[in-house]
Student: 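Right, I'll just put the structure down here and ask away after.
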Amino acid sequence: MSSSASTSASADEERAAAFLQESLQFSSHSHRPNPARPHVTLTFAQSQDGKIAGAGKAQLALSGSESMLMTHTLRTLHDGIMVGIGTVLNDNPQLNARLLCSPPAVSQLPRPVVLDSLLRMPLDAKLMANYAAGVGRKPLIIVSSQADPDKRSHLESSGAEVMQVQGSAASMGQLDWTETLAAIRKAGITRLMVEGGAAVIDSLLQQPQLIDTLLVTIAPITVGPNGFGPTAKLPGDSDASWPAPSRAQFGKDEVVVWHRH
Ligand SMILES: NC(=O)c1ccc[n+]([C@@H]2O[C@H](COP(=O)([O-])OP(=O)(O)OC[C@H]3O[C@@H](n4cnc5c(N)ncnc54)[C@H](O)[C@@H]3O)[C@@H](O)[C@H]2O)c1
Ligand SMILES: Nc1nc(=O)c(N)c(NC[C@H](O)[C@H](O)[C@H](O)COP(=O)(O)O)[nH]1
């Protein structure tokens with residue numbers, strides 16, 4: 001990177017950090033974490049027609065460089081980062097902060113958490129490889145009682161921690177959020193960033209009382225009806241269950257934050 005490019009990247013990072021500090025005000029509650037569950041930040045990037053991926057779940061670059069830096073800055077403000085197993089299988093994410101000019105030490109990265117009812121986590125997922133190579137934190141995989149015990153042993157001996165919670169009564173494929181969040185808090189995570197995918201976003205938005213912060217990056221792109229996204233809609237202006245949002249422009253993208261103080 002040239003020096004002028006890196007100067008503007010670090011200015012973008014500083015602006016993202018200041019915006020997140022003002023919108024989330026984490027420093028004020030960092031001293032008294034809730035003993036029952038982590039602070040939950042649900043976040044994702046969508047097109048203006050509500051899609052988070054292309055046809056057939058194809059990964060889409062929705063965020064521009066400025067809002068992507070904001071997302072990586074947001075990751076560093078959390079000590080846990082969750083995706084559903086659908087996102088691991090589709091995107092093979094790393095969930096780290098590699099885009100920042102000075103990425104934090106491994107111990108300061110958020111710990112990856114995967115919601116994986118049936119334990120489909122691949123042994124060679126990047127989250128596993130990064131931990132083995134000492135460049136990522138130990139993945140925490142949350143499973144139901146239906147997870148295969150042999151696969152569990154293999155993943156544990158490859159470095160993952162596997163925790164079992166109940167499936168929700170509504171659908172055995174989905175873990176119960178209250179129990180899952182309690183288990184994650186018990187594992188020491190106090191601020192959890194939930195990055196998706198669509199099924200996770202939809203099921204968590206059905207329990208808005210469990211979401212402390214909802215942060216959505218909206219890219220000025222129309223994906224069209226073949227795109228893939230959650231069915232839930234973002235809170236409307238007159239929705240009494242959410243506070244009024246704050247909004248900021250990051251490059252071409254709008255970032256909207258609903259934060260419960
Ligand atoms: N644009 C973005 O910000 C963004 C972020 C993440 C993922 N994505 C995209 O989302 C897609 C993957 O989404 P998806 O819906 O297929 O998978 P997902 O990541 O939402 O994972 C769903 C799986 O999680 C497990 N699960 C366990 N408990 C659950 C619960 N309570 N609620 C929901 N799921 C639970 C189930 O096995 C379920 O099949 C990919 O296309 C990916 O690129 C986009
Ligand atoms: N903020 C954001 N903007 C996007 O345009 C986009 N496609 C995602 N997608 C999020 C999804 O969870 C991906 O799987 C991870 O972003 C991949 O994770 P890494 O980059 O490897 O850390 N997120």
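Numbering of ligands and ligand atoms starts at 1, following listing order.
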Student: Tell me, please: is R75 in heavy-atom contact with ligand 2, that is, under 4.0 Å?
Tutor: yes
Student: Is it true that atom CG of D237 has more than 12 heavy atoms of other residues, nucleotides or ligands lying nearer than 6.0 Å?
Tutor: no
Student: Please report the closest heavy-atom contact between A97 and L109, naming both atoms and the distance.
Tutor: N-CD2, 3.9 Å
Student: Determine, step by step, whether H39 and L192 satisfy the side chain to side chain contact (heavy atoms under 4.5 Å, CB included) criterion, reporting the C-alpha distance in whole Å, the side-chain angles of both residues, the deciding distance to 0.1 Å, and the verdict.
Tutor: CA-CA 6 Å; H39 176 108; L192 180 72; over 6 Å; no
Student: Spell out, as yes or no, whether a donor-acceptor pair under 3.5 Å connects the side chain of T43 to the backbone of L215.
Tutor: yes
Student: Taking non-hydrogen atoms only, is L60 closer than 4.0 angstrom to ligand 2 via side chain, backbone, both or neither?
Tutor: backbone
Student: Going by a strict under-4.0 Å cutoff (protein heavy atoms only), does atom 27 (C) of ligand 1 have a neighbour on the protein?
Tutor: yes
Student: I'd like to check which ligand 2 atoms, numbered from 1 as shown, lie under 4.0 Å from a non-hydrogen atom of T71.
Tutor: 1 (N)
Student: Quick one, T180 and L115 - any side-chain contact, counting heavy atoms below 4.5 Å?
Tutor: yes
Student: Looking only at distances, can you tell me whether any N or O atom of R98, backbone or side chain, sits closer than 3.5 Å to an N or O atom of ligand 2?
Tutor: yes
Student: Can a salt bridge be assigned to the pair K252 and E66 using a cut-off of 4.0 Å between side-chain N and carboxylate O?
Tutor: no
Student: List ligand 2 atoms under 4.0 Å from D91, heavy atoms only on the residue side.
Tutor: 11 (C), 13 (C), 14 (O)
Student: Would you say A61 contacts ligand 2, with heavy atoms under 4.0 Å as the rule?
Tutor: yes
Student: Only heavy atoms of F44, strictly under 4.0 Å: list the atoms of ligand 1 that pass.
Tutor: 3 (O)
Student: Which of the atoms in ligand 2, numbered in the order shown and given with their element, are less than 4.0 Å from a heavy-atom of S63?
Tutor: 1 (N), 2 (C), 3 (N), 4 (C), 5 (O)
Student: How does Q46 reach ligand 2, by side chain, by backbone, by both or by neither, if only non-hydrogen atoms under 4.0 Å count?
Tutor: neither
Student: Give the atoms of ligand 2, by number and element, whose distance to some non-hydrogen atom of M68 is under 4.0 Å.
Tutor: 1 (N), 2 (C), 3 (N)
Student: For atom 41 (O) of ligand 1, grab the closest protein heavy atom and report residue, atom and distance to one decimal in Å.
Tutor: K57 O, 3.0 Å
Student: Report yes or no: does a heavy atom of I85 sit under 4.0 Å from some atom of ligand 1?
Tutor: yes
Student: Heavy-atom contacts under 4.0 Å between L62 and ligand 2: side chain, backbone, both, or neither?
Tutor: both
Student: Can you tell me the protein heavy atom closest to atom 8 (N) of ligand 1 and the distance?
Tutor: I52 CD1, 3.6 Å
Student: Kindly indicate, with the supporting measurements, whether the criterion side chain to side chain contact (heavy atoms under 4.5 Å, CB included) is fulfilled by W177 and Q206.
Tutor: CA-CA 10 Å; W177 277 107; Q206 280 174 23; over 6 Å; no
Student: Tell me which part of A199 gets within contact of ligand 1: side chain, backbone, both or neither, using heavy atoms under 4.0 Å.
Tutor: both
Student: Before signing off on this row, confirm whether L62 and ligand 1 have an N or O atom pair separated by under 3.5 Å.
Tutor: no
Student: What part of K126, side chain from CB on, backbone N/CA/C/O, both or neither, has a heavy atom under 4.0 Å from ligand 2?
Tutor: neither
Student: Does the N or O separation between A198 and ligand 1 drop below 3.5 Å for any pair?
Tutor: yes
Student: Please name the pair of heavy atoms, one in V216 and one in Q46, separated by the smallest distance, quoted to 0.1 Å.
Tutor: CG1-CG, 3.8 Å
Student: When hydrophobic residues are tied together by side-chain contacts of less than 4.5 Å, even through go-betweens, does M82 share a cluster with L140?
Tutor: yes
Student: Please identify which atoms of ligand 1 are closer than 4.0 Å to at least one heavy atom of G84.
Tutor: 18 (P), 19 (O), 21 (O), 24 (O)
Student: Does the N or O separation between A58 and ligand 1 drop below 3.5 Å for any pair?
Tutor: no
Student: Look up atom 8 (C) of ligand 2 and tell me if a protein heavy atom lies less than 4.0 Å from it?
Tutor: no
Student: Short list, please: which atoms of ligand 2 are under 4.0 Å from a heavy atom of T87?
Tutor: 12 (O), 14 (O)
Student: Counting non-hydrogen protein atoms only, what is the nearest one to atom 17 (C) of ligand 2? Give residue, atom name and distance.
Tutor: P93 CB, 3.5 Å
Student: Could you find the nearest protein heavy atom to atom 17 (O) of ligand 1 and give me its residue, atom name and distance?
Tutor: G86 CA, 3.3 Å
Student: Check A45 against ligand 2 and report side chain, backbone, both or neither, counting heavy atoms closer than 4.0 Å.
Tutor: side chain
Student: Just by distance, do the side chain of N130 and the backbone of V135 share a donor-acceptor pair under 3.5 Å?
Tutor: no
Student: Before you tell me yes or no, could you show the steps for H78 and T41 under side-chain hydrogen bond (donor to acceptor under 3.5 Å, both in side chains), namely the whole-Å CA-CA distance, both residues' side-chain angles and the distance that decides it to 0.1 Å?
Tutor: CA-CA 9 Å; H78 293 80; T41 302; 2.8 Å; yes
Student: Need the ligand 1 atom indices (1-based, order shown) with element for anything under 4.0 Å from a heavy-atom of A45.
Tutor: 1 (N), 2 (C), 3 (O)
Student: So which heavy atom in the protein is nearest atom 42 (C) of ligand 1, and how far is it from that ligand atom?
Tutor: D91 OD2, 3.2 Å
Student: Quick one: nearest non-hydrogen protein atom to atom 31 (N) of ligand 1, plus distance?
Tutor: L175 O, 3.0 Å
Student: Hey, are the side chains of V114 and P139 touching, using non-hydrogen atoms and a 4.5 Å cut-off?
Tutor: no
Student: Please state whether R120 comes within less than 4.0 angstrom of ligand 1, counting heavy atoms only.
Tutor: yes
Student: Does the N92 side chain pair with the main chain of A125, one donor and one acceptor, at a distance under 3.5 Å?
Tutor: no
Student: Heavy-atom contacts under 4.0 Å between A53 and ligand 1: side chain, backbone, both, or neither?
Tutor: side chain
Student: Is the backbone N or O of L24 less than 3.5 Å from a side-chain atom of H259, with the two atoms forming a donor-acceptor pair by type?
Tutor: yes
Student: Looking only at the side chains, is there a donor atom on one of D253 and T217 sitting less than 3.5 Å from an acceptor on the other?
Tutor: no
Student: Nearest protein heavy-atom contact for atom 10 (C) of ligand 2: which residue, which atom, what distance?
Tutor: E195 OE1, 3.7 Å
Student: Select one of side chain, backbone, both or neither to describe which atoms of N90 lie under 4.0 Å from any atom of ligand 1, heavy atoms only.
Tutor: side chain
Student: Which residue and non-hydrogen atom of the protein lie closest to atom 19 (O) of ligand 1, and at what distance in Å?
Tutor: T87 OG1, 2.6 Å
Student: Geometry only, no angles: is N92 polar-contacting ligand 2 at N/O separations under 3.5 Å?
Tutor: no
Student: With side chains defined as the heavy atoms from C-beta onward, is the minimum distance between P225 and K51 less than 4.5 Å?
Tutor: no
Student: What's the shortest distance from atom 32 (N) of ligand 1 to any protein heavy atom, and which residue and atom give it?
Tutor: S203 OG, 2.6 Å
Student: Using a strict 4.0 Å threshold on nitrogen-to-oxygen distance, state whether R37 and D212 make a salt bridge.
Tutor: yes
Student: Do Y131 and I85 share a hydrophobic cluster, counting only Ile, Leu, Val, Met, Phe, Trp and Tyr and linking them when any side-chain heavy atoms are less than 4.5 Å apart?
Tutor: no
Student: Does the side chain of T222 come under 3.5 Å of the side chain of Q48 through a donor N or O and an acceptor N or O?
Tutor: yes
Student: Do T213 and W258 meet the criterion of a side-chain donor-acceptor pair at a distance under 3.5 Å?
Tutor: no
Student: Within a distance of under 4.0 Å, is there any protein heavy atom near atom 21 (O) of ligand 2?
Tutor: yes
Student: Any ion pair linking E161 and R111 (charged N to carboxylate O, less than 4.0 Å)?
Tutor: yes
Student: What protein heavy atom is closest to atom 35 (C) of ligand 1, reported as residue, atom name and distance in Å?
Tutor: L115 CD1, 4.2 Å
